[in-house]
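Here the structure comes first, spelled out in structure tokens, and everything after it is commentary.
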Amino acid sequence: MSIPKVILKRGKKQAILRYHPWIFSGAIYKIQGKVEDGDMVQVYAADDEYLAMGHYQNGSIMVRILSYENEVNDQVFWNKRIQKAVELRAQLGLIDNPRTTAYRLIHAEGDYCPGLVIDIYGSTAVVQCHSIGMHRDREKIANAIIHALGNRIDSIYDKSKETLSFNYATSFENGYLYGTGSEEDCVVSENGQQFLIEWEKGQKTGFFLDQRDNRDLLAQFVEGKTVLNN
């Protein structure tokens with residue numbers, strides 16, 4: 001099966017050469033082949049130079065780039081991509097750290113995964129897809145998480161229904177991709193402070209991990225007290 005080909009207008013390849021991860025609709029000259037939301041496409045310049053591959057979705061951002069190499073988003077691809085993110089978090093001291101058991105494993109474009117967020121809460125990984133292509137790849141992504149983290153993970157929860165287009169999201173519900181899991185009494189540590197996490201009912205993936213430094217600062221003023229985090 002041939003991969004659809006997205007051809008850019010003349011003068012529109014420079015952003016891709018600078019590794020910008022998005023291709024906007026106004027930069028596209030034509031698409032060769034039948035394409036549907038979530039399909040993998042290859043991107044070419046007007047002079048037929050290969051540029052990248054990524055997920056297609058009709059809208060202002062039409063292609064979210066996964067790789068600037070000529071690759072296929074198979075299981076091997078996802079294993080390598082998730083493994084690289086795990087190795088980076090290990091260098092940052094976030095893997096097997098008893099003082100901090102909640103962290104972001106995949107931060108979308110920052111980890112060359114536009115449209116994907118993965119947060120770790122203890123032994124549970126919460127996957128949230130912001131593009132149809134990522135959601136269609138969710139089983140491969142879940143397998144890659146297990147491959148990279150092994151017995152550190154006993155459940156993977158997909159929480160993407162609220163972040164995808166309404167028409168697409170009507171066909172599925174949030175649920176576990178691996179294991180059964182339970183958010184009841186799930187307590188994680190962050191810089192030695194403890195927090196109760198609700199990934200099924202809470203906002204985002206269950207916790208605002210980007211507020212770590214603010215919570216660490218607050219802890220200096222409320223030592224010995226219990227604080228409501230909402």
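Along the sequence shown, residues are numbered consecutively beginning with 1. Since we're looking at a predicted model, the values are computed, not measured.
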Does the pair Asp154 and Thr124 meet the rule for a side-chain contact (heavy atoms from CB on, under 4.5 Å), with working shown?
-> CA-CA 6 Å; Asp154 57 29; Thr124 296; 4.3 Å; yes
side-chain contact (heavy atoms from CB on, under 4.5 Å) assessment of Leu8 paired with Ile23 = CA-CA 9 Å; Leu8 302 184; Ile23 296 176; 3.8 Å; yes
Val117 and Arg104: side-chain contact (heavy atoms from CB on, under 4.5 Å), yes or no, with the steps?
-> CA-CA 8 Å; Val117 169; Arg104 178 150 293 179; 3.5 Å; yes
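A donor-acceptor pair under 3.5 Å is absent between the side-chain atoms of Asp111 and the main chain of Cys113, judged by distance alone. Tyr121 places no side-chain N or O within donor-acceptor distance of the main-chain N or O of Tyr103, the cut-off being under 3.5 Å. Not a single donor-acceptor pair under 3.5 Å links the side chain of Arg81 to the backbone N or O of Val76. A donor-acceptor pair under 3.5 Å is absent between the side-chain atoms of Arg89 and the main chain of Leu94, judged by distance alone. Looking only at distances, no side-chain donor or acceptor of Ser155 sits under 3.5 Å from a matching main-chain atom of Gly179. Without hydrogens or angle criteria, Ser25 side chain to Met62 main chain gives no donor-acceptor distance under 3.5 Å. Tyr112 contributes no side-chain N or O that, together with a main-chain N or O of Ser67, makes up a donor-acceptor pair within less than 3.5 Å. Remark: side-chain polar atoms of Asp119 are not paired, donor with acceptor, to backbone N or O of Ala102 under 3.5 angstrom. Checking side-chain atoms of Gln128 against main-chain N and O of Lys159 turns up a donor-acceptor pair under 3.5 Å. Without hydrogens or angle criteria, Asp39 side chain to Val35 main chain gives no donor-acceptor distance under 3.5 Å.
Counted within 6.0 Å of NZ on Lys161, heavy atoms from surrounding residues, nucleotides or ligands total more than 12; the atom is thus considered enclosed. Surrounding CG of Asp74 are more than 12 heavy atoms belonging to other residues, nucleotides or ligands, all under 6.0 Å away. Within a 6.0 Å sphere centred on NZ of Lys204, heavy atoms belonging to other residues, nucleotides or ligands number 12 at most. Under a cut-off of 6.0 angstrom, the local environment of CZ in Phe172 is crowded, with over 12 non-hydrogen atoms contributed by other residues, nucleotides or ligands.
In this structure, Lys9 fails the cation-pi test against Tyr29, since its NZ or CZ atom is not both closer than 6.0 Å to the six-membered ring centre and inside 45 degrees of the ring normal. Geometrically, Arg215 engages Phe195 in a cation-pi contact defined by less than 6.0 Å to the ring centre and at most 45° from the axis.
Taking CD of Gln211 as the start and CD of Glu190 as the end, the distance is 9.5 Å to the nearest 0.5 Å. Taking SG of Cys186 as the reference point, atom CD of Glu200 lies at 10.5 Å (rounded to 0.5 Å). The distance from atom CG of Asn73 to atom CZ of Arg136, rounded to the nearest 0.5 Å, is 9.0 Å. Atom-to-atom distance recorded for Cys129:SG and Leu116:CG is 5.5 Å, nearest 0.5 angstrom. Atom NZ of Lys30 and atom CD1 of Ile7 lie 4.5 Å apart (nearest 0.5 Å). Note that the CG atom of Leu149 and the CG atom of Asp96 stand 9.0 Å from one another [nearest 0.5 Å].
Between Trp22 and Phe24, the two ring planes are perpendicular [angle over 60°; tilted spans 30° to 60°].
Residues Glu36 and Tyr56 fail the side-chain proximity criterion, which asks for heavy atoms closer than 4.5 Å. In this structure, the side chains of Val63 and Val41 come closer than 4.5 Å at one or more pairs of heavy atoms. Under the 4.5 Å side-chain criterion, counting only non-hydrogen atoms from C-beta, Lys5 is not in contact with Ile31. Contact of the Trp78 side chain with the Asp137 side chain is registered, since non-hydrogen atoms from C-beta on lie closer than 4.5 Å. Side-chain contact check for Glu49 versus Tyr44: every heavy-atom pair is 4.5 Å or farther apart. With contacts defined as side-chain heavy-atom distances shorter than 4.5 Å, the pair Asp158/His135 qualifies. No side-chain heavy atom of Ile82 sits under 4.5 Å from any side-chain heavy atom of His147. Using a 4.5 Å heavy-atom threshold, the side chains of Arg99 and Ser189 count as separate.
For Ser131 against His55, the heavy-atom pair with the smallest separation is OG-ND1, 4.3 Å. Between Ile132 and Gly38, the closest heavy-atom pair is CG2-CA, 3.9 Å. The two residues Ile120 and Leu105 have their closest heavy-atom pair at CG1-CB, 4.0 Å. Across Met134 and Pro114, no two heavy atoms sit closer than the pair CE-O, 3.3 Å. The two residues Pro4 and Lys34 come nearest to each other via the heavy atoms CG-O, 3.3 Å.
Cluster membership check: Tyr178 does not share its hydrophobic cluster with Trp199, using side-chain heavy-atom separations under 4.5 Å among Ile, Leu, Val, Met, Phe, Trp and Tyr. A single hydrophobic cluster is seen to contain both Ile146 and Phe77, as judged by linkage of ILVMFWY side chains at heavy-atom distances under 4.5 Å, directly or through other members. Note on Ile145 and Leu66: same hydrophobic cluster, where clusters join Ile, Leu, Val, Met, Phe, Trp and Tyr whose side-chain heavy atoms are under 4.5 Å apart, directly or indirectly. When hydrophobic clusters are built by joining Ile, Leu, Val, Met, Phe, Trp and Tyr residues whose side-chain heavy atoms come closer than 4.5 Å, directly or via intermediates, Tyr68 is grouped together with Leu51. Met53 and Ile65 sit in two unconnected hydrophobic clusters of ILVMFWY residues. Membership requires side-chain heavy atoms under 4.5 Å apart, directly or through other members.
Looking only at atom types and distance, the side chain of Thr205 has no donor-acceptor partner in the side chain of Tyr157 under 3.5 Å away. The closest side-chain donor-acceptor pair between Asn174 and Glu162 falls under 3.5 angstrom. No hydrogens or angles considered: nothing links the side chains of Asn143 and Glu139 as a donor-acceptor pair under 3.5 Å.
None of Val126, Ile141, Leu177 except one satisfies the side chain to side chain contact (heavy atoms under 4.5 Å, CB included) rule with Ile156; the exception is Leu177.
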